[in-house]
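First up is the structure itself, then whatever we jot down about it.
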Amino acid sequence: MFVREICDPVTQLKGAKAGTLTEKALSQLGVATIGCLLCRYPRGWEDRSRLVPLKDFRTGPVCTIVRVIAHYWFYTGKTRTLKVFIEDATARACLVCYNRAFMEHQLVVGETYLVYGDFTFKYGEIRSSVFTVEPVSGDVDISAVRQMLPGQVLPGQILPIYPLTKDLRMANMRSLVKQALDIYLPIIEDEVPQSIRERYRLLTKAQALQAVHFPQSMKDLEKAKKTIIYEELFYLEVMIGKRAQAKRNNRQTPPQDAETARKTETAAPDLQKMLLDRLPFSLTTGQQEAVAEINKDMDGPYPMARLLQGDVGSGKTLVAFLAALKAVEKGGQAAIMAPTELLAHQHAETAAKLLEPLGVKVAFLTGNIKSKGRNQLLKNLMSGAVDVVIGTHALFSHDVCYRDLRLVVIDEQHRFGVIQRQAIMAKGGSLESGAIPDLLMMSATPIPRTLAITVFGDLDVSVIKGLPPGRQPIITHLARESSEESVYAFVRERLKEGAQAYFVYPLIEEGELDLKDAVSMKERLEKEVFPEYKIALAHSRLDEEEKRRTMEAFRQGGIHILVATSVVEVGVDVPNATCMVIEHAERFGLSAMHQLRGRVGRGTAQSYCFLVYSDNYTEVAKTRLMVMRDHSDGFVIAEQDLKLRGPGQISGIEQSGYIRLGLADPVEHAAILEKARADAFAMLEADPGLLLSDHRCVAEALSRAPPFTDVGV
Ligand code: ADP
Ligand code: MG
């Protein structure tokens, strides 16, 4: 039996009978079956196996053996509190028993106890108020303990710490798990092929379960963790690999009707080349590599599923357009989706400029385009009169039909949820041709490669390394709020030279928080600071049309300063803007700041970013500011962001359903993840039907108790 298959109810165990508080508490935790109980791994372990002499206590809990020497009562207000003096061969200390008067009977003067607790040095003594005690059991050599041999090991003294609720006590939980292990371990089957287990010296599943709950030693625990982490990641990758297999089986069959034949014939033979010839610059090496990979995918027999990562300003838009041209060359259509109307509009304008001269029909579709224009547009999409359509998620509303959608590009894909991505893919799949469109997702919020693989399943990943030539690194300064005047003066000099600037605030309007906001600051900057310049406002509460006109004017240079919230965070491209001032920078996350900073440095002039912070900041905020000051590489910043926030916080991951991993963390265990992926894929490659005897356990596990069901995009 696989552990997940054990459906016997926890109520069979002593102490969890139906109707008891414990049973209720367990069901609140979602633990109804014994299989589930065994898969609830401890969140930590108390290491009582290694004894630490009192004088050597350190931060974090330590385990020590002591003799009680005296009781002492003192008053805090009206409450009588017990203090117990203890000693070992190295020092004296005291245990302060707040609200635990009963300790008087548990800690008998002259007796020896095992104490596990957090000690500090305070008021001239070593003391602990958070501790547990146990009488020292018979098998401990007390005389050795009295001499306190440091590092002496007590077997079986590493105890699991489980997540609890009000009505579930640690002792109960431990006893339940112990009972479950005693009864069920002998029948638990392995899920990892034996050959793999031997290669990495992993434990059997039964050994691993025993050792993860009640390890004999820390080494034992490490082995158990390694086994379970490997197994989780292996199955994750097996699921991903299976999905890739299924997708490969869904070969693309290009429709061959008269219209397509006509289009293929009349389409310019090499639209990509025509565009490249017209550009005033050549592609960077990074862009060239990405385009080559995309072309290969799009010419190949399987639908493309590629994530294109490139730092802000690396030129992803152009790569997307080249991919779109490829789809058009083949007689199909391309849809490019952006998360905001502002960005979609910007892309549409650029596309009109770059693609229409090649004879490619470009259209713009958002939720804001109403009735008449919209109806015509939908007709054109259906008839194939439009080749490339650019817009927001409105591109995939239920009434939008494509004649032959061959490519979907999702810009700033981290802004979209899994459901939206799925809806989009379904659009292509439901076409008369039945073919799945190629998918290109783009992101400037870099995700470390290993994580991308886990989160986005079987996506291939292209990375655009490097920025277009001639870009100078952006100079980043941190400035206290009190020295904002000098920041303003500096910006004024740049404005005099003809440059433009962004000022970004955490709030749109004055609110309860004592923070500067965009609306009031626009007035202040306009009246008091930069009266000679034209200033405009951009934030999410403005009407789309107004925002669009403002952006257009800013791009044309008619507006000198754009005061905004983080709406300008994604994608906006105005090369003449060289100053980015972020006020209350302590309130912004790392990826937001990196994106905002990426709005400047898009031309050849030197650009500047000022992170203005007020004194009211946390330690983490300070670290973020320093990371921004010291790093410009988006990948480094993303890694730091992961460290500061943990992977669960990265947008896109929370929705992806991977949080059901028990012990494994794709970031922390990246090395194991890589191995597990290689093993899983090699296994599926060599034995797609999982028929070999070594793989039978995997086939069985997948059919009887699949661990993950919704893996992927
Ligand atoms: P991002 O990757 O952040 O989406 P964009 O696609 O907006 O970046 O490109 C940033 C700017 O760089 C645009 O103004 C674009 O025209 C310009 N650009 C793109 N590729 C090149 C190149 N190979 N050489 C010079 N400039 C380029
Ligand atoms: Mg972009």
Side-chain angles (χ1 to χ4, degrees), residues 272-273 275-292 294 306-325 336-355 390-392 409-416 440-447 461-474 499-500 502 551-552 554-557 566-578 580 591-605 607 609 632-635 637-638:
Q272 287 191 336
K273 185 163 177 307
L275 173 59
L276 293 176
D277 287 345
R278 290 173 52 92
L279 287 176
F281 46 73
S282 45
L283 294 186
T284 64
T285 318
Q287 285 171 317
Q288 278 170 15
E289 283 166 8
V291 171
I294 290 167
R306 190 167 281 280
L307 175 66
L308 176 63
Q309 291 195 357
D311 212 343
V312 281
S314 59
K316 293 184 293 296
T317 317
L318 191 55
V319 174
F321 289 168
L322 288 163
L325 289 180
I336 301 178
M337 177 167 76
T340 66
E341 216 151 289
L342 204 69
L343 192 53
H345 195 266
Q346 177 184 286
H347 284 341
E349 302 244 293
T350 319
K353 231 172 25 215
L354 294 179
L355 307 187
I390 296 175
T392 57
V409 179
I410 307 181
D411 194 14
E412 309 291 350
Q413 65 78 25
H414 58 284
R415 290 295 187 98
F416 295 96
L440 179 64
M441 306 219 257
M442 310 202 292
S443 181
T445 300
I447 309 171
V461 182
S462 294
V463 178
I464 303 185
K465 291 193 205 81
L467 297 177
R471 301 271 176 85
Q472 302 182 44
I474 300 164
Q500 290 163 284
Y502 297 96
M551 282 316 296
E552 199 42 46
F554 186 61
R555 200 207 286 253
Q556 303 289 343
S566 48
V567 286
V568 293
E569 185 189 306
V570 287
V572 173
D573 185 38
V574 181
N576 190 47
T578 62
M580 166 61 67
S591 72
M593 277 194 278
H594 179 63
Q595 278 277 0
L596 285 167
R597 181 167 62 184
R599 297 313 108 213
V600 298
R602 298 187 148 245
T604 44
S607 287
C609 174
S632 57
D633 183 332
F635 283 85
I637 292 175

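Below, each value reflects all heavy atoms present in this structure, side chains not excepted, and no hydrogens, waters or symmetry copies. Predicted model only: the values in this text are computed from it and were never measured. Residue numbers run from 1 in the order of the sequence given. Each ligand, and each atom within it, is numbered from 1 in the order the structure gives.
Looking only at side-chain heavy atoms (C-beta outward), E412 and Q595 come within less than 4.5 Å of each other. Side-chain contact check for L283 versus L322: some heavy-atom pair is nearer than 4.5 Å. In this structure the side chain of L275 reaches within 4.5 angstrom of the side chain of L318, judged on heavy atoms.
Listed by chain and number, the residues in a side chain to side chain contact (heavy atoms under 4.5 Å, CB included) with L467 are S314, R471 (sequence neighbours excluded). Applying the salt bridge (charged side-chain N to carboxylate O under 4.0 Å, His left out) rule to K465 yields no partners; only residues at least two apart in sequence or on another chain are considered. Remark: E552 pairs with E349, R555, Q556 by the side chain to side chain contact (heavy atoms under 4.5 Å, CB included) rule, at least two apart or across chains.
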When you check ligand 1 against the protein, what N or O pairs turn up below 3.5 Å? List the atom names and distances, or just say none.
unit_1: ligand 1; atom_1: 2 (O); unit_2: S314; atom_2: N; d: 3.4
unit_1: ligand 1; atom_1: 2 (O); unit_2: G315; atom_2: N; d: 3.1
unit_1: ligand 1; atom_1: 2 (O); unit_2: K316; atom_2: N; d: 2.9
unit_1: ligand 1; atom_1: 2 (O); unit_2: K316; atom_2: NZ; d: 2.8
unit_1: ligand 1; atom_1: 3 (O); unit_2: G313; atom_2: N; d: 2.6
unit_1: ligand 1; atom_1: 3 (O); unit_2: R602; atom_2: NH2; d: 3.0
unit_1: ligand 1; atom_1: 6 (O); unit_2: K316; atom_2: N; d: 3.3
unit_1: ligand 1; atom_1: 6 (O); unit_2: T317; atom_2: N; d: 3.0
unit_1: ligand 1; atom_1: 6 (O); unit_2: T317; atom_2: OG1; d: 2.6
unit_1: ligand 1; atom_1: 7 (O); unit_2: R602; atom_2: NH1; d: 3.0
unit_1: ligand 1; atom_1: 8 (O); unit_2: G315; atom_2: N; d: 3.3
unit_1: ligand 1; atom_1: 12 (O); unit_2: R471; atom_2: NH2; d: 2.7
unit_1: ligand 1; atom_1: 14 (O); unit_2: D573; atom_2: OD1; d: 3.4
unit_1: ligand 1; atom_1: 14 (O); unit_2: D573; atom_2: OD2; d: 2.6
unit_1: ligand 1; atom_1: 20 (N); unit_2: Q287; atom_2: NE2; d: 2.9
unit_1: ligand 1; atom_1: 23 (N); unit_2: S282; atom_2: O; d: 2.9
unit_1: ligand 1; atom_1: 23 (N); unit_2: Q287; atom_2: OE1; d: 2.8

